[in-house]
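These notes concern the structure reproduced below.
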Amino acid sequence: MEDLNKTLQQRRQKAAEMADLGVNLYINDFKPLHSLRQALPQTAYDDPDSALGEGEFIVAGRIIAMRDFGKAAFLQLQDESGRGQIYIKKQEVGDEHFEIFKKLDIGDIIGCSGTLFRTKKGEPTIHVRSFTPITKSLRPLPEKFHGLTDVEIRYRQRYVDLIVNPEVRDTFRKRVQIIRLIREFLEERDYIEVETPMMHPIAGGATAKPFQTHHNALGMDLYLRVAPELYLKRLLVGGFERVFEINRNFRNEGLSTRHNPEFTMLEFYQAYATYLELMDLTEEMVTSICQKINNTLIIQFEEQPVDLSPPWKRYTMDEALHEVGGVSVDILADPDKTMALAKEKGLKLEEKAGPGKAKMELFDLLVEEKLINPTFITAYPTEVSPLARCNDDDPTVTDRFELFITGREIANAFSELNDPIDQRERLEKQVAERGDDEEVFPEVDYDFVRALEYGMPPAAGEGIGIDRLTMLLTNSPSIRDVILFPHLRPEAK
RNA sequence: GGGCCCUUAACUCAGCUGGUAGAGUAUCUGACUUUUAAUCAGAGAGUCGCGCGUUCGAGCCGCGCAGGGCCCA
């Protein structure tokens with residue numbers, strides 16, 4: 001079975017010795033009255049002359065460092081609020097308790113009570129009057145100085161990562177804060193949060209490969225959703241005029257620093273709005289969140305500054321191709337020349353692909369990665385936007401935008417197509433064209449078309465990838481740094 | 001899916017041209033009642049990711065596999 005190495009055996013041995021001394025190794029009746037940060041506030045560190053709290057403090061935490069002097073010791077404790085130092089003296093806690101103290105290990109969770117004092121060097125410290133072991137740790141923690149850097153172990157054993165790398169906890173706290181701020185922002189604007197199905201009979205709302213599952217009692221296949229879009233629009237038909245959902249989407253595709261098979265998406269829809277209003281809304285939402293999270297709008301991402309100060313740059317697809325990508329106006333105006341340029345750049349286009357698809361590919365190649373500061377791209381070709389409303393003046397493009405920051409797509413939005421006949425045609429065309437792809441399970445969602453036939457108010461809708469937004473706002477280069485338990489292959493046995 | 005790179009003690013890492021496996025931290029023993037990566041003395045700790053091959057001899061060379069990273073599709 002489990003072949004214990006020496007360290008693990010020693011830990012178990014110590015645990016047994018503690019039990020022999022009458023110690024319950026896993027108690028559940030200790031109530032800390034103060035967090036370490038409450039007992040030892042930041043101001044106590046900032047100002048070495050400041051007065052410390054009076055009276056008894058009762059705290060609990062994990063031992064993360066120990067400096068032992070024989071008859072006394074300094075320990076570094078960590079709880080959710082942070083870290084702090086405690087001082088244990090044999091004379092103070094008594095011989096019997098000091099014997100128990102000697103059996104404690106780094107990693108153990110203990111509780112203690114005591115008063116505050118400053119050490120010779122001025123560090124505020126809890127002078128322990130009594131302590132009690134709360135939870136015994138049977139595994140050694142990574143080294144104190146370098147911490148845990150092996151990314152594989154950091155992701156597989158996130159609990160260890162969280163114990164020893166405090167900045168990781170900060171990132172995930174920020175993530176939660178970001179989501180909370182999004183909720184507040186939308187609720188202030190009369191949006192309501194809804195929950196729509198995660199299991200779909202038809203994989204729709206985005207062209208992505210779905211995960212397939214099966215309902216036994218009903219004897220039917222289901223798909224984990226690739227997007228909630230078609231359900232949220234049904235709610236617009238039903239009369240909810242401002243809805244949003246923050247939840248997981250699942251896409252059965254490759255993994256990368258920007259893709260996890262399950263990821264968190266914000267989608268929101270607003271009746272009687274256009275994509276232009278959503279651009280303003282997005283700018284306001286992201287900047288207000290960034291200001292609250294980072295106290296600045298000029299942030300660092302992978303060693304480079306990113307300026308989120310409004311107003312953000314707005315380009316049409318053609319303008320971006322011309323001004324950022326260096327493609328001449330002459331070429332952009334001529335479908336044949338556009339196609340020729342795409343081929344010249346080595347882009348592989350499918351048989352059916354037209355100039356719209358070619359522009360999209362050219363954009364990916366020549367423009368996307370250069371959009372460091374926030375940039376809205378509008379006027380996407382109709383050819384690549386099956387659910388978006390066509391522009392009234394130029395039906396070859398749609399009333400759509402995408403937002404790029406640090407060369408990454410952060411948001412995708414458009415004025416929604418609400419003509420049921422047009423929508424049915426586009427969906428049927430899409431299914432016909434994808435008929436050969438066995439992994440996409442193409443099928444037209446006729447119930448969605450039926451819903452539109454009842455009449456969906458004009459609306460605009462948007463999706464924002466929460467993981468990517470969190471990456472941006474926490475300076476995390478990999479999506480795995482902002483997902484607590486990212487997907488990995490099974491551990492080798 | 002393709003290319004390149006990584007995998008050595010619990011952790012962070014060395015290991016030269018193929019010749020008996022190294023350090024720091026952690027751990028254990030001893031000393032030490034104000035340390036800050038405490039200090040001092042000593043000790044133990046390894047299936048060098050897994051498998052096959054080449055060789056008198058492989059952590060190191062070759063092939064395959066697994067896991068991870070980066071880039072590309």
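Throughout, protein chains are lettered first and strands after them, A, B, ... in sequence-line order, and every chain is numbered starting at 1.
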For [N] versus [M], give the span between their [atom1] atoms, rounded off to a whole number of Å.
| N | M | atom1 | result |
| --- | --- | --- | --- |
| B/U25 | B/U36 | C1' | 16 Å |
| B/C11 | B/A66 | P | 24 Å |
| B/G24 | B/C40 | P | 11 Å |
| B/C63 | B/C5 | P | 11 Å |
| B/G22 | B/G44 | P | 12 Å |

- Message: Quick one, A/L8 and A/L138 - any side-chain contact, counting heavy atoms below 4.5 Å?
- Response: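 With C-beta onward as the side chain, the pair stays apart.
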- Message: For A/F414 and A/Y380, I'd like to know if the aromatic rings sit close, meaning centre-to-centre distance below 6.0 Å.
- Response: no
- Item | Short side-chain N/O contact from A/R156 to OP1 or OP2 of B/G68, under 4.0 Å | yes
- With respect to the phosphate group of B/G68, does any side-chain polar atom (N or O) of A/R489 fall under 4.0 Å of OP1 or OP2? yes
For [X] and [N], what is the distance between atoms [atom1] and [atom2] respectively, to the nearest whole Å?
| X | N | atom1 | atom2 | answer |
| --- | --- | --- | --- | --- |
| A/D150 | B/C13 | CG | P | 8 Å |
| A/E152 | B/U8 | CD | P | 10 Å |
| A/L148 | B/C13 | CG | C1' | 14 Å |
| A/L255 | B/A73 | CG | C1' | 15 Å |
| A/Q157 | B/G67 | CD | P | 17 Å |
| A/R154 | B/C6 | CZ | P | 21 Å |
| A/D364 | B/A73 | CG | C1' | 13 Å |
| A/I163 | B/A10 | CD1 | P | 18 Å |

- Task: Identify, between A/T257 and A/G147, the residue whose nearest nucleotide on RNA chain B lies closer to the 5' end.
- Result: A/G147
- Message: For A/H97 and A/F131, take the angle between the two ring planes, folded into 0 to 90°, and tell me which bin it lands in: parallel under 30, tilted 30 to 60, perpendicular over 60.
- Response: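 Ring orientation of A/H97 relative to A/F131: perpendicular.
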- Message: I'd like to compare against my own output: the B/S/- annotation of nucleotides 25-40 of chain B with a strict under-4.0 Å heavy-atom distance to protein.
- Response: BSSS---BBBBBBB--
Pairing check on [N]: which nucleotide meets the Watson-Crick or G-U wobble criteria with it, both distances under 3.5 Å?
| N | value |
| --- | --- |
| B/U33 | none |
| B/U17 | none |
| B/A43 | B/U27 |
| B/C65 | B/G49 |
| B/G1 | B/C72 |
| B/U54 | none |

Are side-chain N/O atoms of [X] and [Y] paired as donor and acceptor at under 3.5 Å?
| X | Y | answer |
| --- | --- | --- |
| A/R175 | A/S476 | no |
| A/Q9 | A/Q13 | no |
| A/D318 | A/T316 | no |
| A/Q430 | A/T207 | no |
| A/S50 | A/R118 | yes |

- Query: Reckon A/G254 touches a base, only the sugar-phosphate, or nothing at all at heavy-atom distances under 4.0 Å?
  - Reply: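 Nothing, no heavy atom under 4.0 Å.
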